[in-house]
Amino acid sequence: MNKYIISLITSFIFSALSVSAQDFRQVKNLSGSWKFTVGDNINWKNPNLNDSDWDQLKVPSSWEKQGYDDYDGIAWYRKTFHLDPFKDKMKIFLLLGKIDDADEVYLNGELIAKSGSFFPNFVSSFDANRVYPIPMEKLRFNSDNTLAIRVYDTHAEGGIVSGKVGFYVNYDAKYVNIPLEGNWKFKTGKDRDWNKKKFNDLSWDEIQVPSFWEDQGYMNYDGYACYRKTFVIDNDVDLDDLYLILGKVDDFEYIYINGKYLGSYEDIQRNFKYKNKSDIWRNRRYYRIPDGMLVKGTNQITVNIYDRHGGGGIYEGPIGITSKSNFQKIEEKYHQDRNIWETILESIID
């Protein structure tokens, strides 16, 4: 098959996999009517803003299809909603489908997520499914919440154009005792000092995990990059027989915890169900964490990645640290449950 055609098909499949492969279930539908205006004012993020004179647009759908023909530039969407408490303490995600081209998402006036970047350092993320992990403490239960989304479009269609829009829980997260999805520090390149627990990464960019780095401002970047995250383990957590679940990585990873080497893709190749090394980006990463590597209190994880071509980074969850019993459950689930897109892609490549 023509390599160009394969590239187009795999690009589409990557986009589909990032959402469909995980067990997302809707808890709050946000599709439908949103407040909308063109122009730009950072104060429009504030939850107490009077937006009664704003237009109303349907979401998802491009703004060109709703009266804003040929408009290119910055526009804002706003929606106020009520959220009841969840019965289960599950990880919650905001899904916004595809946004053309770049976006910043504010929840109750606070920036919580973004994809692409605005002028003058413009980077488009028009083809990325927005899947944003939301800290539970940022939501107001039994009360009103306000989402404000700043969107920048350069040409063609603009806005929240397609896909699922709402809050979802990821039922795969129930297998994770210490979740690690969300914001990580990120820098392209490599340096041995970056693996040290106390390395100062305050000046690094922040990036959403899981998601391809191409969808977050690093378009067409191939090569080395480093992820770092600090997390806390409570005193009541048993540190014996813990496992790191790193989801899916494109292509090769080298992991350090608290400055100590944990392992790499080479250490888990024997568990791969695919035929050869070229399939490595489709395999889930599981690592047993040696006793004594984690401590109660503050811990730090570093993931160095080398990407050969195409999408790069930690692109699919769940991601976190879990017990042996939960690890066995999630390993069994994904061993038996091949996504249909993975099957199609394997037949194309093979």
Side-chain angles (χ1 to χ4, degrees), residues 18-19 21-25 27 85-94 112 131-139 141 167-185 197 206-211 227-249 253-265 267-268 271 283-303 313-337:
S18 64
V19 175
Q22 298 187 70
D23 191 5
F24 286 106
R25 304 183 191 181
V27 294
F86 302 133
K87 295 180 180 179
D88 300 318
K89 293 184 178 180
M90 306 291 287
K91 183 71 175 179
I92 190 167
F93 292 79
L94 174 63
I112 57 168
V131 182
Y132 295 135
I134 305 298
M136 293 289 282
E137 64 272 15
K138 304 296 183 183
L139 290 164
F141 294 100
F167 284 103
Y168 289 73
V169 293
N170 182 0
Y171 272 70
D172 289 341
K174 66 185 177 182
Y175 301 114
V176 176
N177 299 82
I178 303 170
L180 295 178
E181 296 186 353
N183 289 333
W184 287 55
K185 291 292 186 175
K197 179 178 181 179
E206 286 196 345
I207 197 168
Q208 288 284 325
V209 173
S211 183
Y227 293 78
R228 288 175 54 90
K229 188 175 183 67
T230 299
F231 59 97
V232 175
I233 296 181
D234 295 335
N235 288 331
D236 58 352
V237 175
D238 186 352
L239 298 182
D240 294 333
D241 278 336
L242 293 180
Y243 287 77
L244 172 66
I245 299 175
L246 198 61
K248 292 186 178 183
V249 175
E253 79 277 7
Y254 308 86
I255 306 169
Y256 293 78
I257 292 181
N258 293 328
K260 299 177 182 178
Y261 178 70
L262 173 64
S264 77
Y265 69 98
D267 300 317
I268 57 172
N271 296 323
N283 292 270
R284 296 188 177 275
R285 277 32 176 203
Y286 308 124
Y287 292 90
R288 185 186 182 280
I289 302 174
D291 295 344
M293 183 170 283
L294 292 168
V295 297
K296 295 184 177 181
T298 301
N299 293 261
Q300 191 277 328
I301 181 171
T302 300
V303 181
I314 307 170
Y315 71 91
E316 184 180 305
I319 296 162
I321 294 170
T322 194
S323 64
K324 182 177 181 180
S325 60
N326 276 336
F327 160 72
Q328 290 171 337
K329 292 174 184 176
I330 199 166
E331 184 186 40
E332 180 180 2
K333 174 181 177 179
Y334 281 111
H335 181 73
Q336 295 176 350
D337 185 19

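With contacts defined as side-chain heavy-atom distances shorter than 4.5 Å, the pair Val209/Glu181 does not qualify. Ser264 has its side chain out of reach of Ile255: every pair of non-hydrogen atoms, C-beta onward, lies at least 4.5 Å apart. Within the 4.5 Å cutoff, no side-chain heavy atoms of Thr230 are placed close to those of Trp184. Contact check for Val131 versus Leu94: no side-chain heavy atoms found under the 4.5 Å cut-off. Using a 4.5 Å cut-off on side-chain heavy atoms (C-beta onward), Ile178 and Ile233 make contact. Looking at Pro85 and Phe141, their side chains come closer than 4.5 Å, going by heavy atoms from C-beta outward. Between Lys174 and Val176 the shortest side-chain heavy-atom distance does not fall below 4.5 Å. Side-chain contact between Tyr227 and Lys185 is absent, with no heavy-atom pair separated by less than 4.5 Å.
Minimum interatomic distance between Pro210 and Ile319 (heavy atoms only, all atoms of both residues): CB-CD1, 3.8 Å. Here the closest non-hydrogen pair linking Gly182 and Pro133 is CA-CG, 3.5 Å.
Judged by distance alone, with hydrogens and angles left aside, the side-chain atoms of Asp238 form a donor-acceptor pair with the main-chain N or O of Asp240 at under 3.5 Å. With Asn183 contributing its side chain and Glu206 its backbone, the two residues share no donor-acceptor pair below 3.5 Å. Lys296 places a side-chain N or O within 3.5 Å of a backbone atom of Asn235 that can act as its donor or acceptor partner. Not one N or O on the side chain of Asn326 forms a donor-acceptor pair closer than 3.5 Å with the backbone of Thr322. Within the 3.5 Å criterion, the main-chain N or O of Tyr168 finds no donor-acceptor partner in the side chain of Asn170.
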| query | Should Ile321 and Leu180 be marked as a side-chain contact (heavy atoms from CB on, under 4.5 Å) after you check the CA-CA gap, both sets of side-chain angles, and the distance that decides it? | reply | CA-CA 7 Å; Ile321 294 170; Leu180 295 178; 4.2 Å; yes
| task | Could you walk me through whether Arg285 and Ile245 pass the side-chain contact (heavy atoms from CB on, under 4.5 Å) test, one step at a time? | result | CA-CA 6 Å; Arg285 277 32 176 203; Ile245 299 175; over 6 Å; no
| request: In sequence, state the C-alpha distance, the side-chain angles, and the governing distance for Ile92 and Met136, and then conclude on side-chain contact (heavy atoms from CB on, under 4.5 Å). | output: CA-CA 7 Å; Ile92 190 167; Met136 293 289 282; 3.6 Å; yes
| Steps toward ring pair (Phe, Tyr, Trp, His ring centres under 6.0 Å) verdict (Phe93, Tyr132) | CA-CA 5 Å; Phe93 292 79; Tyr132 295 135; 9.9 Å; no
| message | Between Ile289 and Leu294, is the side-chain contact (heavy atoms from CB on, under 4.5 Å) condition met? List the steps. | response | CA-CA 8 Å; Ile289 302 174; Leu294 292 168; 3.8 Å; yes
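Using a cut-off of 4.0 Å between Lys/Arg side-chain N and Asp/Glu carboxylate O, Glu331 and Arg284 are scored as not salt-bridged.
In terms of the salt bridge (Lys or Arg N to Asp or Glu O under 4.0 Å) criterion, residue partners of Asp291 (sequence neighbours excluded) are, by chain and number, Arg288. Every residue meeting the ring-ring contact (aromatic ring centres under 6.0 Å, His included) condition with Tyr256, not counting sequence neighbours, appears here in chain and number order: Tyr261.
The aromatic rings of Phe327 and Tyr243 sit parallel, their planes meeting at an angle under 30°, below the 60° perpendicular limit.
Here the CD atom belonging to Gln328 is positioned 12.0 Å from the OH atom belonging to Tyr286, to the nearest 0.5 angstrom. For the atom pair CG of Asn258 and CE of Met293, the computed distance is 8.0 Å after rounding to the nearest 0.5 Å. Rounded to the nearest 0.5 Å, atoms NZ (Lys248) and CG (Asn283) are 7.5 Å apart. Between the NZ atom in Lys329 and the OG atom in Ser323 there is a gap of 7.5 Å [rounded to 0.5 Å]. Annotation: the span from Ile257 atom CD1 to Leu244 atom CG amounts to 5.5 Å, rounded to 0.5 Å.
Residues Tyr287 and Glu253 have side chains that bring a donor and an acceptor to within less than 3.5 angstrom of each other. Between Thr298 and Gln300, the side chains place no donor N or O within less than 3.5 Å of an acceptor N or O (distance only, hydrogens not considered).
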